[in-house]
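Scroll down for the structure; my scribbles are underneath it.
What you are looking at is a predicted structure, and each value in this text was computed from that prediction instead of being measured. Below, chains carry the letters A, B, ... as their sequence lines are ordered, and counting in each starts from 1.
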Amino acid sequence: MPEPVRVRFAPSPTGYLHIGGARTALFNFLFARHHGGTFILRIEDTDRTRYQEGALQEIFESLRWLGLPWDEGPEVGGPFGPYFQSERLEIYRRHAADLVARGAAYRCFCTPERLDQVRKEQEKAKVTTKYDRRCRALSQGEERKLLDAGTPHVVRLRVPDGRAVMFDDLIRGEIVYQSDVLDDLVLLKSDGYPTYHLANVVDDHLMRITHVLRGDEWIASTPRHILLYEAFGWAPPVFAHMPVILSPDGGKLSKRKGAASVTDYRRAGYLPQALLNFLAFLGWNPGDEREVMTREEIVHAFGLEKVNPKAAVLDEVKLEWMNHEYMRKLTIDEALALVLPMWKGREFVGAGATAADSYLRAVAAQLKDRSKRLTELADNAAYFFREPGEYEEAAAKKQFKPEAAALLCDLASAVETVAPFDHASLEEKYRALAESRGVGAAKLIHPTRLAVSGLSYGPGLFELMEIIGKDKVVARMRRAAEWIRSQSQKD
RNA sequence: GUCCCCAUCGUCUAGAGGCCUAGGACGUAGCCCUCUCACGGCUAAAACCCGGGUUCGAAUCCCGGUGGGGACGCCA
């Protein structure tokens, strides 16, 4: 019986949840669920200088919003806590001391200034920059003296020479590093906090992590971690390094180029199901031709062997397409619940408006299938709540020629008599009118649409009119006629 | 500078030596449907980075180049 799968997502609370981090979390989640394992959230807050207020809440919220709840971690607990590294300092100190006692690590008293200088000289000489190991050679007496004087020091791993350090990456295959290019990495900082390397290895071991799935910027650290596991006498977990996500220009994804965080996409009106589906397909696919899949279907089909090692560009146009697919899947109630706060924010409706309102339901029903994002649904509903402030320019040029004023007045008078005021009767009226005038119905429909909505596109005209209601529709048509007359006077 | 990773249409990708006349999706163009938009249907243009090898046969394996990315912190 193999060990149960345990994986972790280990962000540090330095800001928002980056979309690349979200994808790493997603793949961890999918891997855990696929194998019936455990998805753990651990907070790597061992750098006191980089802590950002509010970052934790944003990370928690983003993960939950995306649909990636963790089985163990902050706020949910678990048998291997605490899950904040800042609350585990004693554990790291003990392990570092153990390594020093066994000679696998040593104290280094070099000042940051000296290290800087060594590094600069190495850069100038164009050789690999690494610690020159000066404190390895310290005699016991010298060390004693420095210790007694209270000299600040760090603890470094004693990296062996001439070793080939190998690991089998689940996505990339075998990767080998010569230990000679590896540094004597710092394990414990002079402030007593562990470095990422120490905390990470100790926690992964203590928390029984079986698979480490992380971003590929960690590949170069992995051989050092392997050596650390060896120093402790522990078996390392299996590693898999995920490719990065790039922006359309091929560079890093950043705020400056648009959206970079989960929150950015949320604000832009994307649905979590769509973002999750899309992110899963960045570097992975089920091996058949499905693309729109639920979280559960993805969990079922997921496998690390199908993950592509190549960095992927996030194509926002395709994300929009996928989001549109999910907008159409939304029920009217779901769509309304999501868009209602946006309408309130835009003051289209009062703060007291509720989802039970049949007018709002009708608007949402008409618009959700033709909106790519929630924000688009929110914006495109404007004319259902207020008169069009202006008419789409290109369309006005085409539909609002001078003679359209009289036409709209005639149509308005005809519309006034339609009863019941529903889309079927309206359509019947328009078709009859078109026939008696010997023109195509489109000739009547387009100017009416522009008069009523201000736009050249949207839901079926008769449905739209029915929803807005007779009085407002007629008023808008007459107002458009006036507008046309005032325009032709200007000329 | 050293080390490491990566390389199929514009983008996401299928492809595990013959099934490849390289398939799908987004996007683009055209046509159909149609009151517009969206949806849907049909069609088209569009890729194996380059060079060597291995093999009867290579997008697929090996080597070298080139290009892109990453690491080289008392950051994670």
Side-chain angles (χ1 to χ4, degrees), chain A residues 10-14 44-47 49-50 108 110-112 115-116 119 122-131 152-156 169 171-172 175-178 180-183 185-197 199-200 214-223 241 243-244 246 248 250-252 278 281-285 287-292 305-306 308-322 324 327-328 367 369-372 380 395 399 427 430-431 434 440-446 448-450 453 455-462:
Chain A
S12 66
T14 53
E44 309 226 325
D45 53 352
T46 55
D47 185 353
T49 62
R50 296 216 308 167
C108 168
C110 293
T111 61
L115 296 174
D116 258 2
R119 197 158 24 239
Q122 287 167 335
E123 273 166 18
K124 221 165 122 189
K126 296 197 189 296
V127 296
T128 304
T129 53
K130 58 190 270 197
Y131 176 55
H153 63 276
V154 303
V155 171
R156 286 181 184 273
D169 189 287
I171 294 172
R172 287 153 216 271
I175 297 175
V176 184
Y177 275 75
Q178 295 306 316
D180 302 52
V181 306
L182 270 25
D183 219 344
L185 70 159
V186 172
L187 302 179
L188 212 56
K189 307 180 214 175
S190 56
D191 63 3
Y193 274 60
T195 58
Y196 164 79
H197 304 290
N200 187 270
R214 56 179 17 164
D216 69 4
E217 69 270 25
W218 294 110
I219 291 179
S221 291
T222 305
H241 291 92
V244 293
L246 305 172
K252 281 186 182 174
F278 182 77
F281 274 73
L282 238 38
W284 175 86
N285 73 83
D288 52 41
E289 283 175 353
R290 287 178 293 173
E291 282 208 271
V292 179
E305 67 288 344
K306 281 183 284 194
N308 192 326
K310 192 179 85 166
V313 171
L314 190 153
D315 180 0
E316 222 160 294
V317 177
K318 188 156 185 179
L319 207 210
E320 277 204 324
W321 164 79
M322 186 161 278
H324 190 194
M327 290 289 291
R328 293 168 57 204
L367 254 19
D369 286 359
R370 23 172 66 86
S371 304
K372 293 201 190 77
N380 283 345
Q399 308 298 346
E427 177 152 16
Y430 263 67
R431 302 273 173 212
K443 288 265 184 279
L444 276 32
I445 287 170
H446 293 310
T448 307
R449 169 187 298 284
L450 189 59
S453 74
L455 299 175
S456 63
Y457 58 90
L461 175 67
F462 307 113

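Taking 4.5 Å as the limit, some side-chain heavy atom of A:R370 sits within range of a side-chain heavy atom of A:P459. Within the 4.5 Å cutoff, the side chain of A:Y193 has no heavy atoms near those of the A:D47 side chain.
Under the ring-ring contact (aromatic ring centres under 6.0 Å, His included) criterion, A:F281 pairs with A:W284, sequence neighbours left out.
The two residues A:P243 and A:D216 have their closest heavy-atom pair at CA-OD2, 3.7 Å. The two residues A:P13 and A:E44 come nearest to each other via the heavy atoms CD-O, 3.8 Å. For the pair A:L455 and A:R449, the tightest heavy-atom approach, listed with the atom from each and the gap, is O-CG, 3.4 Å.
The side chain of A:S190 approaches B:rC74 more closely than any other nucleotide in the set B:rC74, B:rU8, B:rA71. In this structure, the nucleotide among B:rA76, B:rU13, B:rC74 sitting nearest to the side chain of A:Y196 is B:rA76. Between B:rC5, B:rG73, B:rG70, one nucleotide has an atom nearer to the side chain of A:I219 than all others, and that is B:rC5. Relative to the side chain of A:N308, the nucleotides B:rU13, B:rC72, B:rA76 differ in distance, and B:rU13 lies closest.
A distance of about 13 Å separates the P atoms of B:rC32 and B:rC37, rounded to the whole Å. Straight-line distance between the P atoms of B:rC4 and B:rG64: roughly 11 Å, to the nearest whole Å. A gap of 46 Å separates the P atoms of B:rU36 and B:rC19, to the nearest Å. Straight-line distance between the P atoms of B:rA16 and B:rG10: roughly 23 Å, to the nearest whole Å. With P as the reference atom, B:rG41 and B:rA47 are 25 Å apart, rounded to whole Å. To the nearest whole angstrom, the two C1' atoms, one in B:rC5 and one in B:rA29, are 38 Å apart.
Here B:rG70 presents its P atom at 13 Å from CZ of A:R172, a figure rounded to the nearest Å. With rounding to whole Å, A:D183 atom CG is found 17 Å from B:rC4 atom P. Per the geometry, CD1 belonging to A:I171 stands 16 Å off C1' belonging to B:rC4, to the nearest Å. One atom, CG of A:L185, and another, P of B:rA76, lie 11 Å apart when rounded to the nearest Å. Going from atom CG of A:L282 over to atom P of B:rC6 covers 18 Å, rounded to whole Å. Atoms CZ (A:F281) and C1' (B:rC12) sit 10 Å apart, rounded to a whole Å. A:K310 places its NZ atom 14 Å from the P atom of B:rG15, with the value rounded to the nearest Å. For the pair A:H241 NE2 and B:rG69 C1', the interatomic distance rounds to 15 Å; values are reported in whole Å.
Under the Watson-Crick or G-U wobble criterion, with both distances below 3.5 Å, B:rA7 is paired with B:rU66. As the counterpart of B:rA59, no nucleotide is assigned, since no Watson-Crick or G-U wobble pattern has both distances under 3.5 Å. With a cut-off of 3.5 Å on both pairing distances, the Watson-Crick or G-U wobble partner of B:rC72 is B:rG1. Using N1 to N3 plus N6-O4 or O6-N4 for Watson-Crick, or N1-O2 and O6-N3 for G-U wobble, each under 3.5 Å, B:rC42 pairs with B:rG30. With a cut-off of 3.5 Å on both Watson-Crick or G-U wobble distances, the partner of B:rC48 is given as none.
Between the side chains of A:T448 and A:Y430, a donor-acceptor pair is found at a separation under 3.5 Å.
Residue A:T46 is in sugar-phosphate contact alone, with no base atom involved, counting any heavy-atom pair closer than 4.0 Å across all strands shown. Base engagement by A:V154 is indicated by at least one non-hydrogen atom pair under 4.0 Å involving a base atom. Nucleic acid contact for A:Y177: sugar-phosphate only, since backbone atoms but no base atoms lie under 4.0 Å from a heavy atom of the residue. Here A:P112 lies in heavy-atom contact (under 4.0 Å) with a base.
Projected onto RNA chain B by closest heavy-atom contact, A:L246 and A:V181 fall at different nucleotides, the more 5' of which corresponds to A:V181.
Taking side-chain N and O atoms only, A:K130 has no distance below 4.0 Å to OP1 or OP2 of B:rU2. Proximity of A:N285 to the phosphate of B:rA14: a side-chain N or O atom is located under 4.0 Å from OP1 or OP2.
Atom CZ in A:F278 sits 4.5 Å away from atom CG in A:L314 (nearest 0.5 Å). To the nearest 0.5 Å, atoms NZ (A:K310) and CD1 (A:I171) are separated by 15.0 Å.
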Contact pattern, 5' to 3', of nucleotides 25-47 of chain B - B, S or - by protein heavy atom under 4.0 Å: BSS-------BBBSSS-------

